[in-house]
Structure formats: C-alpha cells, structure tokens
S.K.: 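A single structure is presented below for examination.
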Amino acid sequence: MSNVVLIFGSLLYLIFSFPFSYSQGLYEKEMEICESKFQFAISSGLNSKPINEIIVEIGKSFLGTDYEAHTLEKNGEEQLVINLTGFDCTTFLENVLVFARCIKRNNSTFEDYKNELTFIRYRQGIIDGYPSRLHYFTDWIYDNEKKKIIEDITEDLGGEELTLDLSFMSDNPKYYKQLDENPDFISEIKKQEAEINYCREYFYIPKSKVADVESKIGNGDIVAFTSTVKGLDVNHTGIAVKMDDDRIHILHAADVGTKVRITESTLSEYVMSIKKHSGIIVLRVLEPG
C-alpha cells in the first residue's frame, strides 16, 4: 500500500509541477530580459523622469533587436504572448510602453509586466478570445484612450478628419491563422470594423503637411502611419525621438530582415518616402495615475 501511495504522490507532483516548469522554461529568456530592463531603470534613475523620457530610453535599449513578424498569431485559445527577443512594429511599441509604465509606478516584477501588457493589448484589459485583442490600431487607440494611457493629439496639431472603411481582416482571413481556422470569429471582427468605421471620429495629418507640424511633436510621442491600403487603417507605428539635428526621427521595428533602429531621415522625410503611408496620427503618452 505504501508503494501505491508513493507512486500516486509522485504522479500528482509531476502533473501539477509540469505546467509551472514548462511556463518557467518557456519564458526564461523573457524573464531575464525583463529583469535586466528593470535593473537598467533603477541604475539610471528612470522612475524619476517624465514618462516620455522613459519611453525613449527604454526604446533605445532595444536597438538592434530583430524584427519578427506574426509573433502573436499562435495556435489554440487566445493567450498572452510574450516575446522580448523579436518584435513587429506594434509589439515593440507595446512592450516599450509597458516597461515605461511599470518603471514609473515602481512595479518591477515579471508578473507586473505581464499584467500591464494584458491591460494594454486587450479590449478593457481582458483576454476573452481572439476578437478581444485590439487588432486594428485605431481600435487600440480608442481603447487605450479610455484607459487614460494615451491622448490622441492629432486634431490639436491641425489634423484633418480621417475617413475609415475597415474590412481588411474580414476580407482576408487567410492572413490570420485564427480567422482562417475559426470562421465564427469573422462575424465578430466585422462588428468591430463597423463600429470603428461608423461610430467613432479620428483625425490624421496628411503626409504633405507633416513637415509643418513636426516641431510640435514631442520626444516619446507615438506616431502611427495611416494607410492607403484598401480596408486598412494603419500600416506602421513608431516612437518619435528628437536627435542631435533637433529634428524628429522614428524609433521603430521596421521590417522583415531588419532590426529595431532609428531612421536616418526625419519624420517628414520618412513618411513622404513610403507610398502606402497617407499621413500620421500622433499620440501623447500620459503619466500613470
């Protein structure tokens, strides 16, 4: 009997300890990077600086990190995906924002980081299936404005009304693993697209006028590049940084085969050079309450 109890106890140990060990192993590298960023913040006294300055410093600390596409498109049920070794433009922006907010609040554990990432990435900060992720960047703006994380200052900079006709996701489920495998999600995405198209108001600065407002864009502001692609709102995102030439450049995860870097060209030069960019939306990050 004692042998049976021992074997049963060992099985229980394996069953309940495996998920924990697997999770620890899965995110071991991310936990190391997370700790290093918080240590960097402490040694640099970042928590005493304004949030926009923290954003720039944390963003620069990721210079040279690989671009990695489709990092959030995983099999199975929707879950928080953590990847600090490769970014697309949005995951780079999200992670820099998460670290900056944690640092400002003196929240320096991996659990703090995960909670903040969930709060920013998902509608109302709650994971409730694939459609709960803020897929369209204009939806991301709307939800995170309500959370008092950012303020859209585009209209104040002289922005013009942005007319949206979003349909890219629902028209192209083949590009999204979860939509391709779960067609039932498409109807929910269509509802979200309709709400963005018809129930909200957005502004943008046309690319030909970006040079006129560049001086009003602040260090650490978020810049979203609006799209000429049918059914899409935003092509790309980045962080505004003021360089030695006293001009705004863009810190971003640029494209496949590249690394996180700062543009050599100024913001106005950069947006004019990309045909599919129609203009910009500018967001100012708010100090955490």
S.K.: Are more than 12 heavy atoms from other residues, nucleotides or ligands located less than 6.0 Å from atom NZ of Lys148?
M.R.: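 For Lys148, atom NZ is not crowded (no more than 12 foreign heavy atoms under 6.0 Å).
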S.K.: Compute the centroid of each ring, for Tyr130 and then for His135, and state whether the two points are separated by less than 6.0 Å.
M.R.: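 Yes, ring centres under 6.0 Å apart.
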S.K.: Without hydrogens or angle criteria, can the side chains of Glu193 and Ser170 be said to hold a donor-acceptor pair below 3.5 Å?
M.R.: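 Present: a donor and an acceptor within the cut-off.
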S.K.: Below 4.0 angstrom, N of the basic side chain to O of the carboxylate: do Asp112 and Arg105 qualify?
M.R.: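 The answer is no: the pair does not qualify as a salt bridge.
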S.K.: If Ile, Leu, Val, Met, Phe, Trp and Tyr residues are connected whenever their side-chain heavy atoms lie under 4.5 Å apart, and connections chain through other members, are Ile120 and Leu286 in the same group?
M.R.: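 No; tracing contacts between hydrophobic side chains, which count when under 4.5 Å, never links both residues.
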S.K.: Tell me whether Tyr136 contacts the main-chain N or O of Met169 through its side chain, where contact means a donor paired with an acceptor under 3.5 Å.
M.R.: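 Flag set: sc Tyr136 to bb Met169 pair under 3.5 Å.
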S.K.: With sequence neighbours excluded, what pairs up with Phe225 under the ring pair (Phe, Tyr, Trp, His ring centres under 6.0 Å) test?
M.R.: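 Ring pair (Phe, Tyr, Trp, His ring centres under 6.0 Å) check on Phe225 returns His236, Tyr270, His277.
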S.K.: Could you grab the distance from atom OH of Tyr142 to atom CG of Leu134, nearest 0.5 Å is fine?
M.R.: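 Answer for the OH-CG pair, Tyr142 versus Leu134, is 11.5 Å.
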S.K.: Under 4.0 Å between a side-chain nitrogen and a carboxylate oxygen: does that hold for Glu151 and Arg284?
M.R.: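 The answer is no: the pair does not qualify as a salt bridge.
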S.K.: Hey, are Glu78 and Tyr122 close enough side-chain-wise for a donor-acceptor pair under 3.5 Å?
M.R.: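 Yes - a donor-acceptor pair under 3.5 Å links their side chains.
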S.K.: How long is the span from the CG atom in Leu232 to the CG atom in Asp171, to the nearest 0.5 Å?
M.R.: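 Answer for the CG-CG pair, Leu232 versus Asp171, is 11.0 Å.
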S.K.: So, do Phe38 and Phe99 have ring centers that fall under 6.0 Å from each other?
M.R.: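 Between Phe38 and Phe99, the centre distance is under 6.0 Å.
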S.K.: Taking atom types as modelled, is there a side-chain donor on Asn83 or Thr85 under 3.5 Å from an acceptor on the other?
M.R.: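 Indeed, the side chains of Asn83 and Thr85 share at least one donor-acceptor pair under 3.5 Å.
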S.K.: Are the side chain of Asp221 and the backbone N or O of Ile217 linked by a donor-acceptor pair below 3.5 Å?
M.R.: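 No, the answer is negative, given that no donor and acceptor are paired below the 3.5 Å cut-off.
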S.K.: Between Met243 and Val213, is there a shared hydrophobic cluster once you connect ILVMFWY residues whose side-chain heavy atoms come closer than 4.5 Å?
M.R.: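 Different clusters: Met243 never reaches Val213 through Ile, Leu, Val, Met, Phe, Trp or Tyr contacts under 4.5 Å.
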S.K.: Tell me every residue that passes side chain to side chain contact (heavy atoms under 4.5 Å, CB included) with Lys216, counting only those two or more places apart in sequence or in another chain.
M.R.: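 For Lys216, the residues satisfying side chain to side chain contact (heavy atoms under 4.5 Å, CB included) (neighbours in sequence not counted) are Leu157.
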S.K.: Linking Ile, Leu, Val, Met, Phe, Trp and Tyr through side-chain heavy atoms less than 4.5 Å apart, which residues share a cluster with Ile126?
M.R.: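 None; Ile126 is a cluster of one.
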S.K.: So with a 6.0 Å cut-off around CD of Glu264, is the heavy-atom count from everything else above 12?
M.R.: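 Open.
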S.K.: Is the backbone of Leu84 close enough, under 3.5 Å, to the side chain of Glu30 for a donor and an acceptor to pair up by distance?
M.R.: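 Answer holds: yes.
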S.K.: Tell me whether the count of non-hydrogen atoms from other residues, nucleotides or ligands lying under 6.0 Å of CD in Glu53 goes above 12.
M.R.: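 Correct, the count exceeds 12.
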S.K.: How long is the straight-line distance from CD of Glu155 back to CD1 of Ile205, given to the nearest 0.5 Å?
M.R.: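 Result: 11.0 Å between the selected atoms.
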S.K.: Using the side-chain hydrogen bond (donor to acceptor under 3.5 Å, both in side chains) criterion, which residues pair with Ser208? Sequence neighbours excluded.
M.R.: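 Counting only residues at least two positions away or on another chain, Ser208 forms no side-chain hydrogen bond (donor to acceptor under 3.5 Å, both in side chains).
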S.K.: With rounding to the nearest 0.5 Å, note down the distance linking CG in Asn47 to CD1 in Ile103.
M.R.: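 Taking CG in Asn47 and CD1 in Ile103, the distance rounds to 8.5 Å.
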S.K.: Within this structure, what is the CD1-CG distance for the pair Ile222 and Leu283, rounded to the nearest 0.5 Å?
M.R.: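 If we round to the nearest 0.5 Å, Ile222:CD1 and Leu283:CG are 5.5 Å apart.
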S.K.: Would you compute the distance between atom CD of Glu94 and atom CD of Glu116 and round it to the nearest 0.5 angstrom?
M.R.: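 One finds 11.0 Å between CD of Glu94 and CD of Glu116.
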S.K.: Does any N or O in the side chain of Ser44 come within less than 3.5 Å of the main-chain N or O of Phe40, such that one atom is a donor and the other an acceptor?
M.R.: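 The answer is yes, because a donor-acceptor pair under 3.5 Å joins these two groups.
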S.K.: Quick test of your reading of the model: are Glu73 and Lys177 salt-bridged, counting only N-O distances below 4.0 Å?
M.R.: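 Salt bridge between Glu73 and Lys177, a charged N being under 4.0 Å from a carboxylate O: no.
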S.K.: So, does Arg123 use its side chain to make a donor-acceptor pair with the main chain of Pro131 at under 3.5 Å?
M.R.: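 Here the side-chain-to-backbone pair exists.
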S.K.: Can you tell me if Tyr113 and Asn95 form a side-chain donor-acceptor pair at under 3.5 Å?
M.R.: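 Result is yes, a qualifying pair exists.
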S.K.: Show your working on side chain to side chain donor-acceptor pair (under 3.5 Å) between Thr90 and Asp88 and close with a plain yes or no.
M.R.: CA-CA 6 Å; Thr90 303; Asp88 62 26; 4.6 Å; no
S.K.: side-chain hydrogen bond (donor to acceptor under 3.5 Å, both in side chains) with Thr65: which residues, sequence neighbours excluded?
M.R.: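 Partners of Thr65 by the side-chain hydrogen bond (donor to acceptor under 3.5 Å, both in side chains) criterion come out as none, since no residue qualifies.
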S.K.: Between Thr263 (side chain) and Ile250 (backbone), is there a donor-acceptor pair under 3.5 Å?
M.R.: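 Yes.
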S.K.: Is it the case that Asp233 and Thr138 place a side-chain donor and acceptor less than 3.5 Å from each other?
M.R.: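 Yes - a donor-acceptor pair under 3.5 Å links their side chains.
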S.K.: Under 3.5 Å, side chain of Glu57 to main-chain N/O of Leu46, donor-acceptor pair present?
M.R.: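 Between the backbone of Leu46 and the side chain of Glu57 there is no qualifying donor-acceptor contact (under 3.5 Å).
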S.K.: Think Lys259 forms a cation-pi with Tyr67, using NZ or CZ under 6.0 Å from the six-ring centre and within 45 degrees of its axis?
M.R.: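 No, cation not above the ring by the 6.0 Å, 45° rule.
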S.K.: Please list, chain by chain and in numerical order, all residues satisfying side chain to side chain contact (heavy atoms under 4.5 Å, CB included) with Thr266, sequence neighbours excluded.
M.R.: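 Thr266 satisfies side chain to side chain contact (heavy atoms under 4.5 Å, CB included) with Glu214, Asp245, Arg247, His249, Ser268, Glu269 only.
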S.K.: Are Ser278 and Thr226 linked by a side-chain donor-acceptor pair shorter than 3.5 Å?
M.R.: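 Side-chain D/A pair, Ser278 to Thr226: present.
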S.K.: Flag this pair as yes if the NZ/CZ of Lys37 is under 6.0 angstrom from the six-membered ring centre of Phe62 and inside a 45 degree cone about the axis; otherwise no.
M.R.: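 The answer is yes, since Lys37 meets both limits relative to Phe62.
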S.K.: Evaluate the salt bridge (charged side-chain N to carboxylate O under 4.0 Å, His left out) criterion for residues Glu160 and Lys209: first the C-alpha distance (whole Å), next the side-chain angles of each, then the deciding distance (0.1 Å), finally the verdict.
M.R.: CA-CA 10 Å; Glu160 302 176 8; Lys209 297 182 179 181; 2.6 Å; yes
